[in-house]
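Order of the sequence lines sets the chain letters (A, B, ...), proteins ahead of strands, with each chain counted from 1. Source: prediction; values computed, not measured.
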Amino acid sequence: MPELPEVETTVRDLRKKVLGRIVEDIWCDFKKMIKKPASFEQFKKELKSKKIRKIWRRGKNILLGLSDGRTLLIHQKLTGHLLLGEWELKKGEWEAKIPGPLFADPTNKFLHLIFFLDNGQMLTLSDLRKFAKVELWDKKELGEELKSLGPEPLEKSFTFKKFKEALKGQKRKIKQVLMDQEVMAGIGNIYSDEILFEAKVNPFKETKRLNNKEAKKVYTAMGKILKKAIAVKGESISDFRRISGEKGEFDPLRKVYRREGEKCPRCGTKIVRKKIAGRSVHFCPQCQKV
DNA sequence: TGCAGTGTTGCTTC
DNA sequence: CGAAGCAACACTGC
């Protein structure tokens with residue numbers, strides 16, 4: 001599940017490897033993932049010969065700025081992840097050259113989209129469940145598209161004061177609010193559980209019932225957990241991999257997510273799993289009392 | 001064996 | 001309007 005730390009990891013890896021590269025050709029076997037422009041042929045035509053000039057992140061979106069001023073937006077959703085391989089020209093046709101160790105990992109074999117680049121590299125999207133979306137936006141439309149996203153949790157400008165304002169008037173439980181991309185952008189199920197454990201706040205806590213001290217703890221834990229996760233290149237409990245195919249190293253640092261029945265590392269109480277609005281939530285019933 | 005569980009987003013429903 | 005439910009999809013585990 002690529003959330004903010006995984007998307008940030010991908011973006012930093014991409015900057016090192018594909019900045020300045022030119023898209024020579026594109027292959028796709030699941031054209032429904034290309035949402036804009038509507039036709040794949042048009043998408044291919046518009047991307048061909050364009051240079052990748054800028055790479056950044058907004059929430060969970062990967063953004064590639066192109067030499068014609070347009071931007072390629074990739075949202076990996078649940079199981080999508082980008083991988084960097086190589087191609088070679090055989091009998092006048094592109095052929096993907098797949099590094100053995102990378103594609104020996106079963107999560108890396110669901111290739112549905114390939115960008116053939118000008119230096120013999122290929123940037124591919126592996127996505128088991130095929131929920132990922134890819135869009136090509138004009139500059140002025142992109143701003144409109146991203147407008148609904150809330151602030152970036154790690155931006156310096158997202159102060160505790162701004163955080164409290166974002167929580168103001170919320171009628172849902174704190175876990176739901178942290179995961180709402182319009183409130184703040186980039187947090188999903190894994191990191192909301194980990195942040196609330198770190199803050200010792202119960203995920204079922206009604207947001208309006210958080211006192212200043214608790215809100216501060218959630219805010220501080222949010223910064224701490226997200227930065228830590230970025231430093232170790234994200235989690236790989238499920239499908240996420242770095243573009244090299246390597247796993248992120250957050251998994252052993254995970255305190256509660258998917259640890260139902262295991263002992264809380266703080267107090268030894270068994271971690272429980274419950275549901276909030278149809279999604280699983282993991283927490284320590286002792287450390288995180290309502 | 002079959003079916004619930006997995007979790008992001010956007011659309012539909014209430 | 002806001003919140004809940006469900007579909008998009010495919011594989012795993014019970």
Side-chain angles (χ1 to χ4, degrees), chain A residues 1-8 10 28-36 38 57-63 73-82 103 105-113 125-135 137 141-142 144-150 152-153 166-196 203-208 226 229 234-241 248 250-251 254 256-262 271-283:
Chain A
M1 282 73 41
E3 301 179 26
L4 187 152
E6 290 73 37
V7 179
E8 182 64 26
T10 299
C28 181
D29 74 345
F30 186 71
K31 298 181 170 62
K32 262 167 73 181
M33 74 164 62
I34 315 288
K35 308 287 183 193
K36 200 178 174 303
R57 177 188 66 75
R58 180 73 176 93
K60 301 176 190 172
N61 297 286
I62 296 168
L63 298 157
L73 180 156
I74 301 172
H75 194 303
Q76 309 176 103
K77 299 281 180 85
L78 272 79
T79 56
H81 55 285
L82 294 173
F103 288 89
D105 185 336
T107 196
N108 293 343
K109 68 183 185 193
F110 304 94
L111 306 187
H112 298 298
L113 177 66
L125 179 64
S126 180
D127 186 10
L128 183 151
R129 288 175 71 177
K130 302 202 275 197
F131 285 177
K133 69 166 184 180
V134 177
E135 297 165 339
W137 289 100
E141 295 173 327
L142 181 72
E144 198 64 26
E145 173 66 14
L146 299 177
K147 209 172 64 179
S148 65
L149 288 176
E152 286 290 331
L167 301 191
K168 208 173 241 176
Q170 285 292 340
K171 290 172 184 163
R172 294 166 295 169
K173 303 174 188 359
I174 183 63
K175 159 125 177 142
Q176 292 171 286
V177 173
L178 288 179
M179 287 198 298
D180 186 334
Q181 303 303 297
E182 298 189 17
V183 175
M184 59 197 86
I187 297 170
N189 213 25
I190 299 175
Y191 294 107
S192 55
D193 277 2
E194 295 300 320
I195 288 165
L196 291 171
F204 287 85
K205 184 104 183 177
E206 290 299 331
T207 303
K208 63 170 182 286
L226 294 177
E235 58 78 32
S236 287
I237 190 172
S238 177
D239 297 73
F240 174 74
R241 297 292 183 273
F250 189 77
D251 296 0
R254 222 175 1 105
V256 287
Y257 180 77
R258 286 207 195 169
R259 290 204 188 278
E260 182 186 20
E262 293 181 37
I271 303 297
V272 299
R273 180 166 66 113
K274 292 192 175 181
K275 291 269 182 194
I276 292 184
R279 315 180 120 117
S280 61
V281 42
H282 315 73
F283 63 100

Q: Could you work out the separation of C:dC9 and B:dG2 based on their P atoms and round it to a whole Å?
A: 22 Å
Q: Any base atoms under 4.0 Å from A:Lys275, or only sugar-phosphate, or nothing? Heavy atoms, all strands.
A: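 Sugar-phosphate contact only.
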Q: Only counting residues at least two apart or in another chain, list the ones meeting salt bridge (charged side-chain N to carboxylate O under 4.0 Å, His left out) with A:Arg129.
A: none
Q: Are A:Glu145 and A:Lys133 within salt-bridge range, i.e. N to O under 4.0 Å?
A: yes
Q: Once salt bridge (charged side-chain N to carboxylate O under 4.0 Å, His left out) is applied, do any residues pair with A:Arg259, and if so which ones, sequence neighbours excluded?
A: A:Glu262
Q: Could you pull out all residues at least two apart from A:Lys275 that satisfy side-chain hydrogen bond (donor to acceptor under 3.5 Å, both in side chains)?
A: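 A:Lys275 satisfies side-chain hydrogen bond (donor to acceptor under 3.5 Å, both in side chains) with no residue once adjacent residues are dropped.
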Q: Please measure how far the P atom in B:dG7 lies from the corresponding atom in C:dC14, and state the result in whole Å.
A: 15 Å
Q: If you restrict it to nitrogen or oxygen atoms, what contacts under 3.5 Å exist between nucleotides 8-10 of chain B and the protein, and what is each distance?
A:
residue : atom : partner  : partner atom : Å
B:dT8   : OP1  : A:Asn189 : N            : 2.8
B:dT9   : OP1  : A:His75  : NE2          : 2.8
B:dT9   : OP2  : A:Lys60  : NZ           : 3.4

Q: Of all residues at least two apart in sequence or in a different chain, which pass the salt bridge (charged side-chain N to carboxylate O under 4.0 Å, His left out) check with A:Glu3?
A: none
Q: Not counting sequence neighbours, which residues clear side-chain hydrogen bond (donor to acceptor under 3.5 Å, both in side chains) with A:Ser126? List them please.
A: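 side-chain hydrogen bond (donor to acceptor under 3.5 Å, both in side chains) list for A:Ser126, sorted by chain: empty.
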Q: Is a donor on one side and an acceptor on the other found under 3.5 Å between the side chain of A:Arg57 and the backbone of A:Gly59?
A: yes
Q: Can you sort out the partners of A:Lys173 under side-chain hydrogen bond (donor to acceptor under 3.5 Å, both in side chains), two or more places apart, ordered by chain and number?
A: A:Glu206
Q: Quick one: list whatever passes salt bridge (charged side-chain N to carboxylate O under 4.0 Å, His left out) with A:Asp251, sequence neighbours left out.
A: none
Q: Go through DNA chain C and write down every stem, that is, every run of at least three consecutive Watson-Crick or G-U wobble pairs with distances under 3.5 Å, as range with range.
A: B:2-6 with C:10-14, B:8-14 with C:2-8
Q: Taking the same atom, P, in B:dT9 and in C:dC1, what whole-Å distance lies between them?
A: 22 Å
Q: Filter on side-chain hydrogen bond (donor to acceptor under 3.5 Å, both in side chains), then keep only pairs touching residues 185-196 of chain A, sequence neighbours left out; what's left?
A: A:Glu6-A:Tyr191, A:Lys175-A:Asn189, A:Lys175-A:Ser192, A:Lys175-A:Asp193, A:Asp193-A:His282
Q: Taking OP1 and OP2 of B:dG7, is either one under 4.0 Å from a side-chain nitrogen or oxygen of A:Ser280?
A: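 Checking B:dG7 against A:Ser280, a side-chain N or O does come within under 4.0 Å of OP1 or OP2.
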Q: Who are the side-chain hydrogen bond (donor to acceptor under 3.5 Å, both in side chains) partners of A:His112, not counting sequence neighbours?
A: A:Asp29
Q: Going 5' to 3' along DNA chain C, which are the first and last nucleotides with any atom under 4.0 Å from a heavy atom of chain A?
A: C:dA3 to C:dC11
